[in-house]
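Please read these numbers as outputs of a predicted model, since none were measured by experiment.
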Amino acid sequence: MCGICGWIDYRHDLGADEHARTLAAMNETMSCRGPDQQGVWAQGPAALCHRRLAVIDIEGGRQPMTLDEGGAPALHMVYSGETYNFRELREQLAAAGHRFRTSSDTEVVLRAHREWGAKDPRDVARRLNGMFAYALWDSGTNELVLVRDRLGIKPLYYYPTPHGVLFGSEPKAILANPEAERVVDAEGLRRALAFVSDMSNAVFRGMREVPPGCVVRVSRDGVREERYWELTDTGHTDDVDTTVHHVRELLEDTALRQLYADVPLCTLLSGGLDSSALTALAAKHVDGTVRSFAVDFVGYADNFVADDARGTPDSPYVHEVAEYVGTAHRDIVLRTEDMMDPAVRRATVHARDLPAGIGDMDSSLYLLFSAIRKESTVALSGESADEVFGGYRDFHDPETVAADTFPWLAGRMMNADQSDPGLFDRALWDKLDVPGYLDDQYRTALAEVPELTGPAADDPHERRMREICYLYLTRWLPVLLDRKDRMSMAVGLEVRVPFCDHRLVEYVFGTPWAHKTFDGREKSLLRHATKDLLPESVVQRVKSPYPSTQDDSYEKSLRDQVAEIVGQGDDAPVAPLVDRAAVQRRLDEGGGHEANSMGRRMQLERIIDLNTWIGDYDVQLSL
């Protein structure tokens, strides 16, 4: 999997000793992503740094990797992720005369750039099936190329400077270089407080993400982004039966590809349709017994209270699937005190580089992955199936679908008045104009939606559902993928997401909404494509999101921590942002399981995360 970072500066020789300490500091921030090996290559205006989590070709895949043969200018690369079709590409390259020194997918991608990418690096990216973020330095042209996978599964950030660029898998690598400022202005804070992906704004002023499906090219002339992939209208003509059959074929092929590893592999099992289907497919193709893991909370199933988001606890379904499929299963059972441990909170905020504000849903995922990492290096996740197949309840709620904003902001989980500052200072909130920012982002996203063609083009509902599907895939899914990547890589665990295979995403996105709901249910295509693999109870189970603890002591602990922060007065890092009187009123209200309790709890989570983030990152607020 790995972590990458680097520095291009056309003024200096970055191979000089004076820059070694800075490069080491940048690379050290990626140590959690790559605990197995490290390497730095620096020469002239370029420096590439790498931390490796060894998954394929343990001995041969060391990086940075250089290709210097045949008299051609040398290519140097640092790579993060997996290319699942590397064996097919290797055969094609071998037939073209390439002789390989390793068995790694990294060398395949490097040689692919020699063979197919001399004129346009996008010609290589289009050939890759996988999750990847990598940097390639061409010593002949003195150009850096940054490449990110189609869905944005692997993160990649960059920070243009007057004389080049800084880049890294995470912002913390860039911020370790003194040329990067730790400044967060109003635009960055808006982004930090909005649950919407915005690749042009990485919160810290001047920092951006490489957009999914794009390459960024850096030369003496400057920096430019170029797109190699986007969602399009495919003119879908298959009938429902054919569509279901092809979805199954794609899932079988994707699962088979993503089970390849030279280290222990497992699945994440929640008892829902997505993870259960994936676990069943893995069990079908793996020699031996698949290991599966699930998160649970002490007393959760026994004391479960149904609400609008979750109708049933996961554990009964998890255990039924594990027995039905025959996995070696283990529940990771967490306590409130584990999730409220200040060290865990600090670790999750540090992992995300942002004040995410979702508290136990981050800390529990971090603790789950920490436990799994003791037994496995790679895990398969059902993430993205809801976005691809239309699984969220919001897809099927007429009021949410009709709302003139992002559906997840109008739906049950986050339904709130965006003009209400909550616990934030009113004057600051008005200045930030978060509602205006969200509306701008929404209009921009709608303008990108590919036009619907064919018989469905005249159906207003089909057109609106095309928009809803596009919004979820491009503005919400990246938020979840980033969370998954950060929590897993913080403990050196590689999490793969087979439902993000671009062939599957393209095919299902192109199908009419009537196909996706042909049986009157959510995720009709996935349910019918995999129902032969699963117990009937799971096939019919209604969507239940990632669990959140219902232990009353959790919110009490939240209130205690926020009270401690408020008690610091102006000395609290978060003090310039909040209305202390509003916070105190919220603390005096207590907790409960009322309908808006999730939103109220998230307000407290955000205060703690912001306080930790501003303090630990020494954030300079420029508001």
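- Here the CZ-OG1 distance, from R483 to T348, works out to 10.5 Å after rounding to the nearest 0.5 Å.
- Side-chain contact, Y546 with S364: a donor N or O sits under 3.5 Å from an acceptor N or O.
- Taking a cutoff of 4.0 Å between a charged side-chain nitrogen and a carboxylate oxygen, E69 and R111 qualify as a salt bridge.
- The pair R52-D36 does not meet the salt-bridge criterion, since no charged nitrogen lies less than 4.0 angstrom from a carboxylate oxygen.
- Side-chain contact check for I372 versus L268: some heavy-atom pair is nearer than 4.5 Å.
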(message) With side-chain contact (heavy atoms from CB on, under 4.5 Å) as the criterion, how do F509 and C469 come out once you've worked through the C-alpha distance, each side chain's angles and the decisive distance to 0.1 Å?
(response) CA-CA 7 Å; F509 178 75; C469 291; 4.3 Å; yes

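- Shown here are the ring pair (Phe, Tyr, Trp, His ring centres under 6.0 Å) partners of F389, two or more places apart in sequence or in another chain: there are none.
- Side chain of H502 to main chain of L151: no donor-acceptor pair is present (N/O by atom type, distance under 3.5 Å, no hydrogens or angles).
- In summary, E82 and R87 do not engage in a salt bridge, as defined by a charged side-chain N under 4.0 Å from a carboxylate O.
- Remark: the E115 side chain and the H98 side chain contain an N/O donor-acceptor pair separated by less than 3.5 Å.
- No hydrogens or angles considered: a donor-acceptor pair under 3.5 Å links the side chains of R208 and Y158.
- The two residues L438 and A194 have their closest heavy-atom pair at CD2-CB, 3.6 Å.
- Within the model, atoms NZ of K484 and CG of L493 stand 10.0 Å from one another, a figure rounded to the nearest 0.5 Å.
- Every residue meeting the ring pair (Phe, Tyr, Trp, His ring centres under 6.0 Å) condition with H236, not counting sequence neighbours, appears here in chain and number order: Y507, H515.
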(request) Give the C-alpha distance, both sets of side-chain angles, the deciding distance and a yes or no for side-chain hydrogen bond (donor to acceptor under 3.5 Å, both in side chains) between Y134 and H113. (result) CA-CA 12 Å; Y134 63 91; H113 274 276; 2.8 Å; yes

(message) Under the criterion side-chain hydrogen bond (donor to acceptor under 3.5 Å, both in side chains), I'd like the reasoning laid out for S169 against K154: C-alpha separation, chi angles, the key distance, then a yes or no.
(response) CA-CA 8 Å; S169 295; K154 302 310 300 176; over 6 Å; no

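- Inter-residue side-chain proximity for L256 and L281 is flagged as unmet; no heavy-atom pair is nearer than 4.5 Å.
- Side-chain contact between V78 and C49 is absent, with no heavy-atom pair separated by less than 4.5 Å.
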(request) Go through the steps for T102 and E107 under the test side-chain hydrogen bond (donor to acceptor under 3.5 Å, both in side chains), then give the verdict. (result) CA-CA 7 Å; T102 76; E107 186 182 1; 2.7 Å; yes

(message) Go through it in stages, so that I can follow the logic: the residues are I614 and L577, the test is side-chain contact (heavy atoms from CB on, under 4.5 Å), and I'd like the CA-CA distance, side-chain angles, deciding distance and then a yes or no.
(response) CA-CA 11 Å; I614 295 171; L577 307 182; 3.8 Å; yes

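- The structure places OG of S381 at 9.0 Å from CG of L481, a figure rounded to the nearest 0.5 Å.
- E181 has its side chain out of reach of Q620: every pair of non-hydrogen atoms, C-beta onward, lies at least 4.5 Å apart.
- Looking at E225 and R217, no side-chain N of the basic residue comes within less than 4.0 Å of a carboxylate O on the acidic one, giving no salt bridge.
- For the side-chain hydrogen bond (donor to acceptor under 3.5 Å, both in side chains) test, no residue two or more places apart in sequence or in another chain qualifies with T377.
- There is a side-chain donor-acceptor pair under 3.5 Å between W229 and E506.
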(request) Please assess R486 against D353 for the test salt bridge (charged side-chain N to carboxylate O under 4.0 Å, His left out), listing each intermediate value before the final yes or no. (result) CA-CA 9 Å; R486 301 304 192 87; D353 292 308; 2.9 Å; yes

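- Here R33 pairs with D485 in a salt bridge; the nearest charged N to carboxylate O distance falls below 4.0 Å.
- E28 and R51 are joined by a salt bridge, as a carboxylate oxygen and a charged side-chain nitrogen come within less than 4.0 angstrom of each other.
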(request) Take W137 and H76, measure what ring-ring contact (aromatic ring centres under 6.0 Å, His included) needs, and give me the verdict at the end. (result) CA-CA 5 Å; W137 174 256; H76 309 272; 8.2 Å; no

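- Checked for salt-bridge contact, D233 and R466 meet the test: a charged N lies under 4.0 Å from a carboxylate O.
- Listed by chain and number, the residues in a side chain to side chain contact (heavy atoms under 4.5 Å, CB included) with A118 amount to none (sequence neighbours excluded).
- Under the 30°/60° scheme for interplanar angles, the aromatic rings of Y472 and Y392 are found to lie parallel.
- Note: Q258 CD to Y84 OH = 4.0 Å, rounded to the nearest 0.5 Å.
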(request) For side-chain contact (heavy atoms from CB on, under 4.5 Å), just list the numbers for V196 and W476, CA-CA rounded to whole Å, side-chain angles, deciding distance to a tenth of an Å, and then say yes or no. (result) CA-CA 6 Å; V196 174; W476 178 245; over 6 Å; no

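- Between R503 and D253 a salt bridge is recorded (basic side-chain N to carboxylate O distance below 4.0 Å).
- Under the 4.5 Å side-chain criterion, counting only non-hydrogen atoms from C-beta, L231 is in contact with V505.
- With no hydrogens or angles considered, a side-chain donor-acceptor pair links S200 and D198 at under 3.5 Å.
- We find that R475 and E448 are joined by a salt bridge, their nearest charged nitrogen and carboxylate oxygen being less than 4.0 Å apart.
- Look at R127 and D123 and you find no salt bridge, because none of the NZ, NE, NH1 or NH2 atoms lies under 4.0 Å from a carboxylate O.
- Residues S139 and A74 come closest through the heavy atom pair OG-O, 2.7 Å.
- By the 4.5 Å heavy-atom criterion applied to side chains, M361 and E605 are not counted as neighbours.
- Y366 meets the ring pair (Phe, Tyr, Trp, His ring centres under 6.0 Å) test with no other residue; sequence neighbours excluded.
- Of the N and O atoms on the side chains of Q63 and T106, at least one donor lies less than 3.5 Å from an acceptor on the other residue.
- Ion pair R90/E88 not flagged as a salt bridge, since none of the NZ, NE, NH1 or NH2 atoms sits closer than 4.0 Å to an Asp/Glu carboxylate oxygen.
- The shortest non-hydrogen separation linking V378 to A261 is CG2-CB, 4.4 Å.
- No donor-acceptor pair under 3.5 Å is formed between the side chain of D185 and the backbone N or O of S622.
- Minimum interatomic distance between A94 and F100 (heavy atoms only, all atoms of both residues): N-CE1, 4.1 Å.
- The two residues L156 and V147 make their nearest non-hydrogen contact at CD2-O, 3.8 Å.
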(request) Evaluate the side-chain contact (heavy atoms from CB on, under 4.5 Å) criterion for residues S384 and L480: first the C-alpha distance (whole Å), next the side-chain angles of each, then the deciding distance (0.1 Å), finally the verdict. (result) CA-CA 8 Å; S384 83; L480 298 183; over 6 Å; no

Side chains of residues 19-26: which donor-acceptor partners sit under 3.5 Å, not counting sequence neighbours?
none

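- The heavy-atom pair separating R148 from P211 by the smallest distance is CB-O, 4.1 Å.
- Side-chain contact check for C266 versus L380: every heavy-atom pair is 4.5 Å or farther apart.
- Listed for the D9 side chain is no donor-acceptor partner under 3.5 Å among the backbone atoms of G164.
- Residues V619 and W613 are in side-chain contact: their nearest non-hydrogen atoms beyond the backbone lie under 4.5 Å apart.
- To the nearest 0.5 angstrom, S197 atom OG is 6.0 Å from E209 atom CD.
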